[in-house]
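Written below as structure tokens is the structure these notes are about.
Numbered from 1 within each chain, the chains take letters A, B, ... in sequence-line order. Values reported hereafter were calculated over all heavy atoms of this structure, with side chains retained and with hydrogens, waters and symmetry mates removed.
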Amino acid sequence: MKNQLVIYNTLTRKKELFKPLVDGKVGLYVCGPTVYSDSHLGHARPFITFDLLFRYLTFLGYKVRYVRNITDVGHLENEAEESGEDKITKKARVEQLEPMEVVQKYMNTFHRNMEQLDVLPPSIEPRASGHIIEQQQLIDSILKNGFAYEVNGSVYFDVEKYNEKYHYGKLSGRNLEDIRTNTRRLEGQDEKKNSFDFALWKKAAPEHIMRWPSKWSDGFPGWHLECSAMSTKYLGDVFDIHGGGMDLTFPHHECEIAQSTASQGRDAVRYWMHNNMITINGQKMARSLGNFITLDRLFSGNHELLEKAYSPMTIRFFILQAHYRSTIDFSNEALQASEKGLERLFAAFDALDKLPVSAESSIDVAGLKEKCFAALNDDLNSPIAIAHLFDGVRMINSVKSGSEKISESDLEDLKSFFHTMVFEILGLKPDAAAAQGAGNEIMDKVIDLVLQLRLEAKTRKDWATADKIRDELSGLGVEIKDTKEGFEWSLK
RNA sequence: GGUUCCUUGGCCGAGUGGCUAGGCAACGGUCUGCAAAACCGUGUACGGCGGUUCGAAUCCGCCAGGGACCUCCA
């Protein structure tokens, strides 16, 4: 099974059998967040997507080193009035904070949100600000190889020169001539030989707070450099997988390839993976478009577009129900469908512990497992895996109601499979509040007692009392299910 | 304008040359004192028009509509 994982490589535009460079080990790099404001739903997607990859590779037995950076050196903004000002600096001015205070604040929020979504922390989470020297060294080597030039204390990548020897645009399917005729001319770029050249080092304007000394000027590293520098530092000159959002393909990842190739003669990355966008009313959800919903607001329901709050697990499940290379459209209806589906999945999971065993099975547990893993092996097709999981849900419920049978060994197998698939690989876990029991022993016993009284009322055919208890408890958020043996309850 | 991707039943969303995706919703049934939950059953879905083929939603062409990237962006 381990050698059957196929992933779609953006570089070749084909699904390829995944073979790590070093047997048994995987180097994975994913572009992390720029921490200058709260994370929104759109951000959740790549981190959940690659969390799934990380978890699955680990499950397959690989030793994975997962590096996901924090961009805490602001990137240039190109808004007309404020050109040259850095996103983090700008925000700092607005909030009267130190830039690193801004960084810390939003980094904390990001980490909290990721934990809520059950996104595992990466093996290494390097910060751009902590790797200025490495970035400068990378600039040195690109300069030495003749693929960059210095102007007024800034260093730019010479795309034309690079393209004479290599292909600039191979990842995004462009060629330099197309880029030349179609690149918009921007203000304040007179220093560059060509508009498509990009900065490796930028001299800081006097008001620019975030700055570091260098042999070229007091300034800051270019937009694309940190990923090239940090990925190879921790994963080696060549490593297995580089992931990120589709919108980063050009220019960010294209520039990363150019930088690595210019400094070491070949690309550092073997498999490029890109997740698609989350849309809202068919349009990309993005900070710059103003149509985003932050994760905190999704979790609290505090947003005009939200009919209610959605739990982190609902969000995670919603995202996993679409293939990572497809767009997924946000709507309350879709989210509520996911929420109910997830409840059903967890209910079946709970039922696993109470299933009656028979001498033989009438259901095919081995086949179910095989189908789920085949789906994940096919470019991480989580929606198909989940569809099969729901077949498993039906099996469980049918065994529970007596219309199907399961043997003891199959039941053990099914339990362990569900645990692995749902918790370990998909990273879904029941929300604490929704878990069985009130989390308070006295409360649990009180509810049990009241329901016991209701059961007695039912035995007396005192339907009025029985229904009153059910309605009242229901109003308090206690959901009651009558069973043959008596009752089950859970908190909503 | 250039590059590229997409259009699936009420909603979301897989798939792919012939065999039920799945979830949610809806309807009918079983169970139940009534519910809830669960189970069973019910949808002639693949943007339009042509073409290839024994057969296309799936391949090709054209048309219509939409998205992404080309500028910071997950």
### Query
How is A/M246 classified with respect to the nucleic acid when contacts are heavy atoms under 4.0 Å: base, sugar-phosphate, or nothing?
nothing
## Note on the structure
Given the options A/K15, A/E16, A/K14, A/T12 meets side-chain hydrogen bond (donor to acceptor under 3.5 Å, both in side chains) only with A/E16
### Query
Do the ring centers of A/F346 and A/F317 come within less than 6.0 Å of each other?
no
### Message
Heavy atoms only, 4.0 Å cut-off, all strands: where does A/Q283 land among base, sugar-phosphate and nothing?
### Response
sugar-phosphate
### Query
Would you say a side-chain N or O of A/R287 is under 4.0 Å from OP1 or OP2 of B/rC72?
no
### Message
Looking at B/rG15, I'd like to know if its phosphate oxygens (OP1 or OP2) sit under 4.0 Å from a side-chain N or O belonging to A/N381.
### Response
yes
### Task
Could you check whether the rings of A/F292 and A/H40 sit parallel, tilted or perpendicular, using 30° and 60° as the cut-offs?
tilted
#### Entry: A/W223, nearest nucleotide to its side chain (from B/rC72, B/rA74, B/rG67)
B/rC72
Show me the protein contacts with nucleotides 37-41 of chain B, counting only N or O atoms at under 3.5 Å.
unit_1: B/rA38; atom_1: O3'; unit_2: A/N397; atom_2: ND2; d: 3.0
unit_1: B/rC39; atom_1: OP1; unit_2: A/R344; atom_2: NH2; d: 3.4
unit_1: B/rC39; atom_1: OP1; unit_2: A/N397; atom_2: ND2; d: 3.1
unit_1: B/rC40; atom_1: OP2; unit_2: A/R394; atom_2: NE; d: 3.1

### Query
Is RNA chain B part of any stem, that is, at least 3 consecutive Watson-Crick or G-U pairs with both distances under 3.5 Å, and where?
B:1-7 with B:64-70, B:10-12 with B:22-24, B:26-30 with B:38-42, B:47-51 with B:59-63
### Query
How are the rings of A/F198 and A/Y168 set relative to one another: parallel (under 30°), tilted (30 to 60°) or perpendicular (over 60°)?
parallel
### Task
Determine if A/F47 stacks with B/rA74; use a centre-to-centre distance below 5.5 Å and an interplanar angle below 30° as the criteria.
no
### Query
Among pairs that include at least one residue of residues 324-335 of chain A, which meet salt bridge (Lys or Arg N to Asp or Glu O under 4.0 Å), considering only residues two or more places apart or in two chains?
A/R325-A/D379
### Task
Identify which one of A/L28, A/L57, A/I124 satisfies the side chain to side chain contact (heavy atoms under 4.5 Å, CB included) criterion when paired with A/Y66.
A/L28
### Query
Counting any heavy atom closer than 4.0 Å, what does A/S326 reach on the DNA or RNA strands: base, sugar-phosphate only, or nothing?
sugar-phosphate
### Residue pair A/L389 / A/V393, side-chain heavy-atom distance below 4.5 Å
no
### Message
Base, sugar-phosphate or nothing for A/I278? Non-hydrogen atoms, less than 4.0 Å.
### Response
base
### Query
How would you label the contact of A/G42 with the nucleic acid (heavy atoms, under 4.0 Å): base, sugar-phosphate, or nothing?
base
### Task
Identify whether any heavy atom of A/T327 sits under 4.0 Å from a base atom; if not, whether one sits that close to sugar-phosphate; answer base, sugar-phosphate or nothing.
sugar-phosphate
### Task
Looking at every strand, decide which applies to A/K340 at a 4.0 Å heavy-atom threshold: base, sugar-phosphate, or nothing.
sugar-phosphate
#### Entry: Side chain of A/F250 (C-beta onward), nearest among B/rC24, B/rC34, B/rC70
B/rC70
### Task
Classify the angle between the aromatic ring planes of A/H253 and A/H242 as parallel (below 30°), tilted (30 to 60°) or perpendicular (above 60°).
perpendicular
### Task
Using a 4.0 Å heavy-atom cut-off across all strands, classify A/A334 as base, sugar-phosphate, or nothing.
sugar-phosphate
### Query
Does any N or O donor sit under 3.5 Å from an N or O acceptor when you compare the side chain of A/D467 with the base of B/rG33?
yes
